[in-house]
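See structure below.
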Amino acid sequence: MWKSGILLLQLLWVLQASGELQQETEPRRLPPPGKLDFGYVPAGVYETLAHYEPGPIGILFHLVHGFLYVVQPNAFPEDLIVRLAKDKFGAIQTEYQKAIYYEIGFLVCSAVGLLFAVLMPLAGLFFCMCRCCDNCGGEMHQRQRKNADCRRGLLGTLLFSTSLVITIGVLCAYAANQNLSSQVKNIRRLVNSNMRDLHTFANDTPMQIDYLISQYATAKNKVIYDLDNIGPLLGGRIHDQLDKEVNPALDRALNMAGAMRETKEALENVSVGLEVLKEGTGKLNFNLSLVRTSINRTLNDPGCHDEESDATSAQLCRNIRQSLSQLQISANYTRLPKVNTQLEKVNDVMNTDLSAIVQRGYASLNDTPHMVIEQTRSVVENVQGLVDGIGNNISSFSKIFPVQNCLSNFTIFINHAHAKIEDQYPEIDQMDFYRWIGCIALCCMVVLVLAFNYLGLLCGTLGYDKHASPTTRGCISNTGGTMLMAGVGFSFLFSCVLMGVVTLFFLAGGNMEKLFCEPFHTKEVFKVVDTDYLVNPEWKNFIPGYIYNDSDLELTAESLYSTYKENKGIYSAMRLDKVFNISTFLNTTLFTKEVVGQLDGVKIDLRGIILLESEGKQNLLDFSEVGLSEINYADYLEEVNKGVTVVDLLSFARELEAQTDLMPRGGLQTALKGHIGTLRQIHRQQIIPMEQAMSALNQSMRFLERTASDLPNKVLAVIEAIEAAQYLISQNATQIINQETGKYTATIVGYFHQYIEWVKTSLVMEVAPCKPFSNMVDTVEIITCSFLVDSMNTFWMGLGCSTLFLLPSVILAVKLAKYYRRMDTEDVYDDIETIPMKTIPTYDTMNRFPRASAPPRHIDW
């Protein structure tokens, strides 16, 4: 057994490294950036289900447990057992009182059982001797009483009830016996299942370790992927950081180029609009003069001067003539200067395409990833070589430990142990057969007594004749009484053997249940095993002291069993880090030190990025000197804000029409109506276009005024922003480059860290899951407690119950036999009130009833 434990230890020591590193694997689908997907460690399925459900017989098991708790309610004597184990049972002389106190329930019950086993045969012996002397019911004479039938029925009922209790007890014993035999057949299934699980454990462990090592390719592929894309990743991050400062400056320059285009368009609009307004003003002035002349000529009509006949018309004509002075041009555009000089300068500025120059600056900035690729090409190649070297180191280190040899030895040990167990099966079956025969024999003893009891009750009941006297009872009734007495005799004979066996089984099974099975379920037995310095006075903890020669290591039987039960990896369960610390071997700093060194040596020079060429800067300066500030915006806006005419032409026409409508119909009214139509036509064809031109001129002038406002300072601010951004790229970008390079390096190293953490977690949780070992312990517990102890306890409980009830059965059978057996003599029924004396014949009672105990009666006496 110790040799097998050492072999298992060697296996556990080397479970963490095995196999060849698979350098060339099929390319896996890359997971999202940052998070690696290593898949699931392949794991076999353990088929052993270390759980036992007893079924209906479990009710009897619970009854036995309840009875044992009543017999032994004391707590598990952990301190006592530890003290006895440390002193190698030498302390029993001083601790016997505690042992007796703990075992007092078992001792009392055992004493009762022994007394029963001893006294029952003695009582039977004295009972037989007493009956031979015609005492104790041995005299074949029965006194006649009125309640004889009632007593016989009561005794029969009590005996039948007692026999039923004995029957139930023997059936329980028989069921427990059969259950044990059937469960013995399941032992082979459980053992074979455990052995297959151990083979699964041994076969899957190398495959799992190989899978862990092969998954380095996942981290390696992701590292190589990021190295191949160092431009978008590292260069893109640098570009994003620079873009926060540089892009606003370029945007301002691009906006200034747009302002140039809009300024040119505004100047062109002013130049064209001014010419249009000057020309329109001349035509409009001429047309308005014609209208005034025509209206004056119309107002010279005689109808306008005849105040005596038509005073209203005369007054209206005077009003109209007075309002004609309003039909004049309001704005004077001829006095406004032209903007041809500024327009020519702007055209000269626009000969240089500032937008194209700014776009080249954008393109130069956006070329940062390509610059990073070109400047880090050698570093990337070196790091890729280091990544391959790390894989080779992991692969070569894994070859140090002879895992396959140890697993082969472990498999051989399993096969050898299994073969030995298989060799024991015939002996186990034979021993179980002998045990089964013995238990059946014990049950048959009780069944024999029961058979006599039931047959006696049956014959006594069927052969009963209420008209028969005790001396005239029939053969069947007499046979019933004889069978009852035979049952009494066998009860005396078998009670010693039965109670002796029950007491022996009670002591063995009860103590096994209370000292092993129950503490195992509550894990108190582990506390005993894990007691400090229990096995060896120099070892605090036995298991690590024996395995690792380090008894201070916290590795207890309870923790070991619990970890096995949780199906964790054997690396964490057995604390194999004391032998091989995977954290020390898979050290991120150790493996990635050279990678970090290479990446820290990255030098990126961005001075080749030109945001704005000198030509663009000069173009901006020229734009600030085009003379927009020299334009007299006040004069322009003053004239533009005036109306086209002094009076609104449509309002004048409506007022004129209203006055005309007040005149009498005639030539004067008709002529004025025609002038009103002319005014409206002039408004539609000349005033409206001129108003639109004035609005456009107003907008252009206001835009030029805004643009000209502090234009030189605005241009200088744009140039200064560009130069500041250029200085940032050329001189101060080192900090950003170092910061982003550090993040990129951390990402690369993070892939190794993820792989290492995954390996550690897999070793703890998934590689070589040790559920089979806890299943083995549970299987031993199931076989010992559930199969053997529970069945044995149920057997002695049923058999003991039957044996105890043999005592009342004996008493009731002896008393009841008197009412079934044929007597030699009987009493005369002397109830005078119920039996008239005159009906009794005269005969010699002394001759007819020579052994009557009552004196004979005669009618003449």
Side-chain angles (χ1 to χ4, degrees), residues 266-305 313-341 343 631-663 666-702:
L267 288 172
E268 290 175 345
N269 291 337
V270 170
S271 179
V272 173
L274 187 59
E275 294 297 328
V276 170
L277 288 174
K278 286 180 179 181
E279 181 182 357
T281 301
K283 293 181 180 180
L284 179 61
N285 189 34
F286 175 76
N287 291 332
L288 290 178
S289 298
L290 292 177
V291 172
R292 285 197 307 270
T293 303
S294 298
I295 294 175
N296 279 325
R297 189 181 300 115
T298 301
L299 293 177
N300 290 330
D301 186 271
C304 287
H305 301 284
S313 296
Q315 181 62 36
L316 290 173
C317 288
R318 284 195 297 270
N319 293 339
I320 293 172
R321 185 178 287 110
Q322 291 175 0
S323 64
L324 289 177
S325 61
Q326 296 178 355
L327 293 177
Q328 294 181 1
I329 297 298
S330 176
N332 184 13
Y333 296 105
T334 57
R335 74 182 185 89
L336 297 178
K338 295 182 178 182
V339 292
N340 293 338
T341 304
L343 182 57
I631 300 174
N632 192 341
Y633 297 102
D635 291 346
Y636 269 92
L637 295 175
E638 180 183 354
E639 296 298 330
V640 169
N641 289 331
K642 294 179 181 179
V644 177
T645 56
V646 175
V647 65
D648 182 52
L649 211 56
L650 282 179
S651 299
F652 183 84
R654 286 194 295 270
E655 185 178 351
L656 181 59
E657 186 178 18
Q659 294 176 350
T660 303
D661 290 339
L662 297 176
M663 294 180 180
L668 177 61
Q669 186 185 44
T670 303
L672 289 175
K673 291 281 186 180
H675 295 315
I676 292 171
T678 302
L679 288 175
R680 286 175 173 168
Q681 184 179 5
I682 291 173
H683 181 271
R684 184 172 57 253
Q685 294 180 354
Q686 291 184 274
I687 297 297
I688 291 178
M690 289 184 66
E691 287 178 345
Q692 293 175 349
M694 290 171 66
S695 176
L697 180 60
N698 184 29
Q699 293 178 2
S700 298
M701 291 309 297
R702 291 190 180 278

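Applying the side chain to side chain contact (heavy atoms under 4.5 Å, CB included) test to Glu657 and every residue at least two apart in sequence or in another chain returns Asp661, Lys673, Ile676, Arg680. When the side chain to side chain contact (heavy atoms under 4.5 Å, CB included) test is applied to Ala696, no partner is found at least two apart in sequence or on another chain. Residues passing the salt bridge (Lys or Arg N to Asp or Glu O under 4.0 Å) test with Glu268, sequence neighbours excluded: none. By the salt bridge (Lys or Arg N to Asp or Glu O under 4.0 Å) test, Glu275 pairs with Lys338, sequence neighbours left out. Residues that satisfy the side-chain hydrogen bond (donor to acceptor under 3.5 Å, both in side chains) test with Gln692, not counting sequence neighbours, are absent from this structure. Under the side chain to side chain contact (heavy atoms under 4.5 Å, CB included) criterion, Arg702 pairs with Leu637, Asn641, Asn698, Arg706, not counting sequence neighbours.
Counting only N and O atoms by type, the side chains of Gln659 and Asn319 include no donor and acceptor under 3.5 Å apart.
If you take CE on Met690 and CD on Gln685, they are separated by 14.0 Å, rounding to the nearest 0.5 Å. In this structure, CG on Leu650 lies 7.0 Å from CD1 on Ile688, to the nearest 0.5 angstrom. Considering CD of Glu655 and OG1 of Thr660, their distance stands at 10.5 Å, rounded to 0.5 Å. Interatomic distance, CE of Met701 versus CD1 of Ile631, reported as 5.5 Å (0.5 Å rounding). A distance of 13.5 Å separates NE2 of His683 from CZ of Phe652, quoted to the nearest 0.5 Å. Note that OG1 of Thr281 and CG of Leu288 are 10.5 Å apart. Values are rounded to the nearest 0.5 Å.
Across every non-hydrogen atom of Ser700 and Ala266, the tightest pair is CB-O, 3.7 Å.
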